[in-house]
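Accompanying notes for the structure given below.
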There are 2 protein chains.
Amino acid sequence: MTESETATGGRPTLESVAELAGVSRATASRVVNGGAGVRAVLREKVERAVAELGYVPNLAARTLVTRRNRAIGVVVAEPEARFFSDPFFAQHLRGISRELAAADNQMVLLLAEDERDHERIGRYLAGGHVDGVLLFSLHRSDPTPETAQRLGLPFVIGGRPGWPGAESDRDLVYVDNDNRGGARLAVQHLRSLGRTRIATITGPLDQTSSIDRLDGYRDLFPHGDGDLIAVGDFTADGGIRAMTELLTRRPDLDAVFAASDAMASGAIRVLRAAGRRVPEDVAVVGFDDVESIAAWTEPRLTTVRQEIEEMGRLMTRLLLRRLNDPEASAPSSVIIPTGLVVRESA
Amino acid sequence: MTESETATGGRPTLESVAELAGVSRATASRVVNGGAGVRAVLREKVERAVAELGYVPNLAARTLVTRRNRAIGVVVAEPEARFFSDPFFAQHLRGISRELAAADNQMVLLLAEDERDHERIGRYLAGGHVDGVLLFSLHRSDPTPETAQRLGLPFVIGGRPGWPGAESDRDLVYVDNDNRGGARLAVQHLRSLGRTRIATITGPLDQTSSIDRLDGYRDLFPHGDGDLIAVGDFTADGGIRAMTELLTRRPDLDAVFAASDAMASGAIRVLRAAGRRVPEDVAVVGFDDVESIAAWTEPRLTTVRQEIEEMGRLMTRLLLRRLNDPEASAPSSVIIPTGLVVRESA
DNA sequence: CCGGTTTCTGAGAGCGCTCTCGGGGCGGGG
DNA sequence: CCCCGCCCCGAGAGCGCTCTCAGAAACCGG
């Protein structure tokens, strides 16, 4: 055991590796970082020393000089409780994790619930501990994108940001599911089934995903009937309320496109309670393809599937690319295709 | 703008703060870290300089000398896919996040899927980037606890570890829900309803939560009938299979305690399909109190509630306490009480 | 007004690493 | 045989911070 090894509280340093290998710290460093330009003899010596000592680089020291953390922050503004209750959250994280692991980067999870959290997160980002940021559930009032921009921290947003001008802001790179296209898919499917009086239950209209899904519906009904549109809130209870409303307004409806599976399950419940058969009398299509709901309604739910994990992966890839090549022009936003999963309800 | 400020790529350093305030770096550092032992005049000068420059300490540098990261790792071994699909994951993280935020610590999320991930995580932990570790979904084969122990990294486990000897290992601090007590609660409730032929559907018996829930059931039937016990897998499909099995073995059963809400929902489906009324003919109690299931079965599910978020918080608090006072004796493990939520199914 | 405390402050070392820069060794061309 | 160029390697500076240590300043009692 060498002198310098014991000095750092047991953990070997590059210095001790170099000493054991009989080379300089610089050479040891070269080997640890790929070994380019080091003779094979020395390289092997160093590698043996590394193995023997169980040397692991101290990243704090490395970060201090390279100014690279090999870590990215994932900021989730939580008040959108939906993000939490649905399995989306876990799937996103899994996608991010996989992509990050492949690039040997770490994920720092930052959950924001209130104003103070945003401040704390701002400070953290300013502290320079992450090389980039992934942002979810953006609100207009969310200060994080601005903070990141000011700090020169690359970031990628999950879901289309909704405030005015966001769309045209080239700095706002986002990844989103094709909500609008998915909605069109759903409605087209209902039409192909011969349905003509197709209603829709929307999500809360201050969220872009709701708006886009409604827009997709409207694409097929340019001169649509407002009575066939009811506003929900993505929850099953909201679906119940909206369906009840629709049923009184338009008892003749023969299909419903609900902008979430939870709302669809609520709607089905109401329909059956009202004596309508699903799908015979009223066909129902949902959105999300949440396994625990879609596979468990009676009848099983026809719905629009979105690739949540892929979304996480893509966001991460976009961000990493940007980190590795800061000079490159900002990548453009990406829309991930959605697909229809036909089961029994339509 | 001072010389040293521009040197670091725009971000002000302690040096530049000191310069602007007209004090030494040491004094500036003191102020930034609480300001004890600094005259008010100087303190204010420094504080103004900090505000003016927008100074934020570089944690890499700080970590390098203090050997404290103000970050903890959360390691989730994912193969237990349940952790991901259920809302548990998000709730745990939220609890952890809240507690960590209060202590101004960060959370590094480490998801493990395969062998390589465990290696990567081992390396990461060895890198000394986190001060402690929270471990979930522990398998016997999981090398992480051992790694942490070897590295002297304090850790706290979520859920009772199951391998032989784990229980008596004083170093293995864990936090768990009172699975056994919750199961007893459920069965007692069924008994109080006058039910006598109470069956149970267990989870996979290689998980301690399953075992503990089964043990709770057995506590009330010391000489129980093996025919009344069916092994499930925590999923709704598993519940269907197990219930079908139970119904053929013991058509006379009048109550079922399912070790998860998902299994309970499957069981209810089978029971109704078999013409049994719930709860009149067969009373059903679940476990978990997963909102999206328990509130949506028909009839609504009576179930055992567990405080997931509290579990995350508690684990975090235990870990932080340990970090702040490494000399203190290892805290003992904690069991969080569960409670019965009576709805309609029993 | 002076010596002894006590309180503050600044100089400087050092955390572990990367990276530049220059020197030494070696080969090849003149 | 000499010189030039190339390839490796090591010395050393420096990343931004904390913390010890010693000296300066302020304070007190006599």
Side-chain angles (χ1 to χ4, degrees), chain A residues 2-46 49-50 53-70 126-129 131, chain B residues 2-46 49-50 53-70 126-129 131:
Chain A
T2 67
E3 179 67 24
S4 45
E5 181 182 349
T6 51
T8 75
R11 270 188 56 198
T13 70
L14 237 207
E15 190 74 49
S16 57
V17 170
E19 192 176 345
L20 181 60
V23 300
S24 73
R25 193 175 62 245
T27 298
S29 173
R30 276 188 270 262
V31 173
V32 168
N33 291 290
V38 177
R39 262 183 313 159
V41 214
L42 291 193
R43 180 161 47 227
E44 277 164 25
K45 269 192 194 168
V46 173
V50 165
L53 294 176
Y55 169 77
V56 182
N58 176 328
L59 284 228
R62 183 179 281 177
T63 292
L64 188 55
V65 30
T66 60
R67 282 145 198 297
R68 183 87 155 75
N69 294 285
R70 301 199 79 83
H129 311 117
D131 304 322
Chain B
T2 66
E3 179 67 23
S4 45
E5 180 184 348
T6 52
T8 75
R11 270 187 58 197
T13 69
L14 236 207
E15 189 74 49
S16 57
V17 169
E19 193 176 342
L20 180 61
V23 300
S24 73
R25 193 174 63 245
T27 298
S29 173
R30 277 187 271 261
V31 173
V32 168
N33 291 290
V38 178
R39 261 184 314 159
V41 214
L42 290 193
R43 177 160 50 225
E44 278 164 24
K45 269 192 193 169
V46 173
V50 165
L53 294 176
Y55 169 77
V56 182
N58 177 325
L59 285 226
R62 183 178 281 176
T63 293
L64 188 55
V65 28
T66 61
R67 281 144 198 297
R68 182 86 155 75
N69 293 284
R70 300 201 79 83
H129 311 116
D131 304 321

message: Between B/Arg70 and B/Asp131 (salt bridge meaning N to carboxylate O under 4.0 Å), is one present in this structure?
response: no

query: At under 4.0 Å, does any side-chain N or O of A/Thr13 touch on OP1 or OP2 of C/dG16?
result: no

task: Please state how far atom CD in A/Glu19 lies from atom C1' in C/dG16, giving the value in whole angstrom units.
output: 15 Å

Distance below 4.0 Å between A/Ser29 side-chain N/O and C/dT18 OP1 or OP2: yes

- line: Expected string for nucleotides 20-28 of chain C under the B/S/- scheme (protein heavy atoms, under 4.0 Å, primed atoms plus P, OP1, OP2 as sugar-phosphate) is ---------

message: Rounding to an integer number of Å, can you tell me how far A/Leu14 CG sits from D/dG14 P?
response: 20 Å

Side chain B/Ser16, main chain B/Pro12, donor-acceptor under 3.5 Å: no

message: Among residues 55-65 of chain B, which ones have heavy-atom contacts with DNA chain C below 4.0 Å?
response: B/Leu64, B/Val65

statement: Taken to the nearest 0.5 Å, the spacing of A/His129 NE2 from B/Asn58 CG works out to 6.5 Å

task: Select from A/Ala28 and B/Thr66 the residue whose nearest nucleotide in DNA chain D is closer to the 5' end of that strand.
output: A/Ala28

task: Take the protein atom CG of B/Asn69 and the nucleotide atom P of C/dC15, then report the distance between them rounded to whole Å.
output: 17 Å

- request: Measure from the side-chain N and O atoms of B/Thr63 to the backbone N and O of B/Asn69, and report whether any donor-acceptor pair falls under 3.5 Å.
  value: no

- request: Could you check B/Val41, B/Val23, B/Leu20 and say which one makes a side chain to side chain contact (heavy atoms under 4.5 Å, CB included) with B/Val46?
  value: B/Val23

query: CD of A/Glu15 versus P of D/dG12: gap in Å, rounded?
result: 13 Å

- prompt: Should B/Thr27 be listed as having a side-chain N or O under 4.0 Å from OP1 or OP2 of C/dT9?
  reply: no

- prompt: Taking B/Arg43 for the side chain and B/Val31 for the main chain, is one N or O donor matched with an acceptor at less than 3.5 Å?
  reply: no

- prompt: If you measure from OG1 on A/Thr66 to CG on A/Leu59, what distance do you get to the nearest 0.5 Å?
  reply: 8.5 Å

- prompt: How many angstroms lie between CD in B/Glu15 and OG in B/Ser29, if you round to the nearest 0.5 Å?
  reply: 11.5 Å

field: Spatial distance of atom CD (B/Glu19) from atom OG1 (B/Thr13) [nearest 0.5 Å]
entry: 8.5 Å

task: Would you mind reading off the distance between A/Arg25 atom CZ and D/dA11 atom P, rounded to a whole angstrom?
output: 9 Å

statement: A/Arg70 CZ to C/dC17 P, in whole Å, measures 16 Å

query: Considering only heavy atoms from C-beta outward, does the side chain of A/Thr27 approach that of A/Lys45 to under 4.5 Å?
result: no

query: Rounded to the nearest Å, what distance is computed from the CZ atom of residue B/Arg68 to the P atom of nucleotide D/dG16?
result: 24 Å

- request: Decide yes or no for B/Pro57 and B/Val32: does some side-chain heavy atom of the first lie under 4.5 Å from some side-chain heavy atom of the second?
  value: yes

- request: Could you identify which residues of residues 31-43 of chain A place a heavy atom less than 4.0 Å from some atom of DNA chain C, listed by residue number, or say none?
  value: A/Asn33

